[in-house]
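This report concerns only the one structure given below.
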Amino acid sequence: MRSALVGTALLTLASASVWADGGVTFQDIATDPESGLIYRRTESSTTDIYREITERPFFSLFDISEQPNKWRGAPGVALLDYDGDGDLDIYATNGPATANSLFSNQLVETGATRFLDVGVEAGVGAIDQDSSGVCFGDIDNDGDPDLLVVSAFDPNRLFENNGDGTFSDITGTSGITKMSQTSAGCSFGDINGDGLLDVVVNNTNLDWSSVIGIGPEVPFGASWHNQLYLNTGGNVFIDVSASSGIENLVGFPEGFDGFPSVTWAVTMVDYDLDGDTDILQADDGGPERGFNHPLRNDGTGHFVDEVLTSGLHQNGHWMGYGIADFNSDGYLDFFGTNVGDWNITVFTPLDPVYFPFGEYELGSKSSRWFLGGPDGTFTDPGLGDLVATPFAWGTSAADYDNDGDTDIINHGGLSFAPFIATNPGQILQNDGSANFTQDFAALADSTNHARRNVHGMATGDLNGDGFIDIVSVSSLDIQESLPVVPYNVEWGSPLDGLIVYQQLFVPTETPGVWVYSGADENVDGSLSVELSSADNQNGWVEVKLLGSAGILDAEDSDSDSDSDSGADFDRVVNRDAIGAVVSFTPLGGSTAMLPILGGSSYASQDALAANFGLGASPSGTIEVLWPGGDRNCLHDAAASGRVLFPHLPCSFDGAWKNFGQYNSCVQRALDKYGERGQLTSTERRRLRDSARRAFETGACGNDSVDD
């Protein structure tokens, strides 16, 4: 047992140490055929419509509205351990007549980060679907992840994991139905606290065969409502979209509240930290409709749109989410991708009626971060020295350099005639106070993303070195032989000159009339898998949560003992612990916070394990806010360690009669995990000791002083 003197000495040592900011780089292993990552995103269902437009003698404003939306598709990506072997696999969606890929990581089997595509063999190829977004979660709490793959054109597909490396298509019996909705993504979460994962599907404009419904000339009535499905058990869902309140959107012009919007991304997250699962949705579609809508859960699975009171009634063309506590103040913040400042200079000259940006305020169309407050509201702190940021789709909040604060990664490309806008990739380095700068060196020697029309993006530790890696997927790539040019404007941003586009149609002497440039040599999209160099000497801790559903509520539960202990073993958490919020405080450092999300970014999902950086600190403290409101604590999580943290229905800040009752609850829960082989005796002892310390202080506390 440490003395207070030793604890103080460790605190002094950690505070005096140098915490490396940045200092890691990324290399794309997908460019090496030996990696096994053979993937090309093929043509979508609407590619032929776009091709017909290019064959016309000229291109006009009318043709802009006729062009298909995302004519090369909108691929997504997810990082999951589908086969339970302990390493992360990759699922990437594809177009019709081409199988989706499930890349099985061979790290455990061979010691090398190499992959085998088993998508068809595993039963998740979905070869007859023009697939877009993907999300995963253990819908039946049997210990393995199930997959939902959505589409803008075809029925969405739900695949149950059989636990033997294969999946079964259970769409027909699941109740997850679809008429004509154009689905872009999805997110799992438990909306009513019953321990079963529900799912929300975000939908967009009526028909991706044209962009009608996105532009301001048709602001309302040309979109689909999002859909919310309640898990009733037995892998059966019911549609509660209307009764749940998610369709009651507000903030629109008079007479249009309750109309559907164009939602590019959605995530289920407890953004106000009250123990229940809320929803954030990212909307596009003109100056009167494009908002981030925070849908607050009242605890029963009913939602209220608080966009007007949240500080988020700020117009944009929102595309994707990364969520964390960027300024370490104890509240969740988020980063939203947007249309970007540079695109304004290309859009507006086309036609000021179709693109009515009016008096443009620099930064107003930037991808940007919003800081959360104690009452569930958000503030926009501005972009600081970045001044302006580019267009992006996929994004993730992750501590890429393991220095103890959460950074931002984003990618994106916009295929919108008459041009393709691209993003060279952004890694925004956090100074710990939510001031961000671009780390140009991190991606300098990797793939040139400025020639990739990236959509989906996800992060996770693929090679087990404790540093996160980046996976992204594009709908098309621009050949090296074809020119891309910088935008003809400088905003005073460090990114000036680096944001480029490809001109698909060029102007003629007649205003508003263009001709095709002949740039149809663009090739199929690609997968990028960028591994971190992991060499800046910063420490890390990986936290994997274990929900109690199917464990503490098993049939052999001793109900009498449960009652005597004060435990409520019927109050369980889904096995993946999706919806939990994990806080980590390195010794001598500031607290970082990450939610466990069942789908976010754009059409994608990060790995479920939460990676935290320690810098030079030797250890840290973990606190988990579980769905339902329980709080558990673990002290002395050592650097370069992996922690399995189970849900204990014994909140250290609960209304206990005395320590004996609380301790009995903790012991009973830990015994059950032990009986089922989930925790070792050492892990149980550490959790029990930390529970005691948290109860005695009434807070999770810090490891700097021995309790």
Side-chain angles (χ1 to χ4, degrees), residues 137 139 141 187-200 226-233 237-250 266-281 292-310 312 323 325 330-332 334 372-378 545 547-549 552-553 566-583 593 595-600 623-632 647-656 665:
I139 62 173
N141 290 319
S187 184
F188 283 104
D190 180 3
I191 66 170
N192 59 352
D194 63 355
L196 295 171
L197 284 177
D198 314 301
V199 67
V200 62
N226 298 333
Q227 295 161 287
L228 180 61
Y229 294 96
L230 184 71
N231 190 340
T232 62
F237 295 76
I238 58 173
D239 189 336
V240 295
S241 306
S243 61
S244 69
I246 70 163
E247 295 183 356
N248 300 329
L249 300 178
V250 300
V266 68
T267 189
M268 288 193 178
V269 58
D270 183 6
Y271 69 80
D272 54 2
L273 303 178
D274 64 353
D276 54 39
T277 299
D278 311 300
I279 297 173
L280 279 176
Q281 70 176 60
N292 290 297
H293 290 268
L295 306 176
R296 189 194 291 263
N297 192 340
D298 68 1
T300 69
H302 186 271
F303 297 85
V304 175
D305 184 3
E306 299 198 338
V307 66
L308 293 176
T309 58
S310 65
L312 296 178
I323 303 176
D325 180 5
Y331 306 106
L332 279 177
F334 73 89
D375 54 356
T377 62
F378 296 86
L545 301 185
S548 51
L552 298 187
D553 60 345
D568 182 1
F569 286 178
D570 291 328
R571 187 180 70 247
V572 293
V573 169
N574 68 87
R575 188 73 69 90
D576 286 329
I578 289 172
V581 180
V582 187
S583 298
M593 183 189 296
I596 307 302
L597 303 175
S600 60
E623 180 177 348
V624 181
L625 169 62
W626 300 92
D630 287 329
R631 292 183 180 272
N632 297 155
H647 168 236
L648 307 179
C650 324
S651 189
F652 63 75
D653 61 351
W656 303 98
C665 174

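Just so you know, these numbers come straight off a predicted model, no measurement behind them.
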If you look only at pairs with a residue in residues 266-276, which of them pass as a salt bridge (charged side-chain N to carboxylate O under 4.0 Å, His left out), with sequence neighbours excluded?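 Of all non-adjacent pairs touching residues 266-276, those that pass salt bridge (charged side-chain N to carboxylate O under 4.0 Å, His left out) are Asp272-Arg296.
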
On a heavy-atom basis, which atom in [X] and which in [Y] lie closest, and how many Å separate them?
X: Ile191; Y: Leu228; answer: CD1-CD2, 3.8 Å
X: Leu545; Y: Ala577; answer: CB-CB, 3.5 Å
X: Arg631; Y: Ser651; answer: N-OG, 2.9 Å
X: Ala549; Y: Gly195; answer: CB-O, 4.0 Å
X: Ser310; Y: Pro294; answer: OG-CG, 3.4 Å

How about [X] and [Y]: do any of their side-chain heavy atoms sit closer than 4.5 Å?
X: Leu332; Y: Pro595; value: yes
X: Val250; Y: Val307; value: yes
X: Tyr271; Y: Ile323; value: no
X: Trp656; Y: Cys650; value: yes
X: Gln281; Y: Leu249; value: yes
X: Thr377; Y: Thr309; value: no
X: Val573; Y: Asp630; value: no

Asn231 side chain vs Leu196 backbone, donor-acceptor pair below 3.5 Å: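 No; judged by distance alone, with no hydrogens or angles, the pair does not exist.
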
Got a donor-acceptor contact below 3.5 angstrom from the Ser187 side chain to the Gly599 backbone? yes

Reported [atom1]-to-[atom2] distance for the pair [X] and [Y], which is rounded to 0.5 angstrom:
X: Asp190; Y: Asn192; atom1: CG; atom2: CG; answer: 5.5 Å
X: Ser244; Y: Leu230; atom1: OG; atom2: CG; answer: 9.5 Å
X: Asn226; Y: Ile279; atom1: CG; atom2: CD1; answer: 8.5 Å
X: Leu597; Y: Leu280; atom1: CG; atom2: CG; answer: 9.5 Å
X: His302; Y: Leu295; atom1: NE2; atom2: CG; answer: 10.5 Å
X: Leu273; Y: Asp278; atom1: CG; atom2: CG; answer: 9.0 Å

Which of parallel (below 30°), tilted (30 to 60°) and perpendicular (above 60°) describes Phe378 and Phe334?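 It falls in the perpendicular class, over 60°.
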
Is there a side chain to side chain contact (heavy atoms under 4.5 Å, CB included) between Glu623 and Phe652? Walk through the geometry before answering. CA-CA 11 Å; Glu623 180 177 348; Phe652 63 75; 3.6 Å; yes

Which residues pass the side chain to side chain donor-acceptor pair (under 3.5 Å) test with [X], not counting sequence neighbours?
X: Ser548; result: His647
X: Asp239; result: Ser241
X: Asp576; result: none
X: Thr232; result: none

Which residues share a ring pair (Phe, Tyr, Trp, His ring centres under 6.0 Å) with Phe303, sequence neighbours left out: none

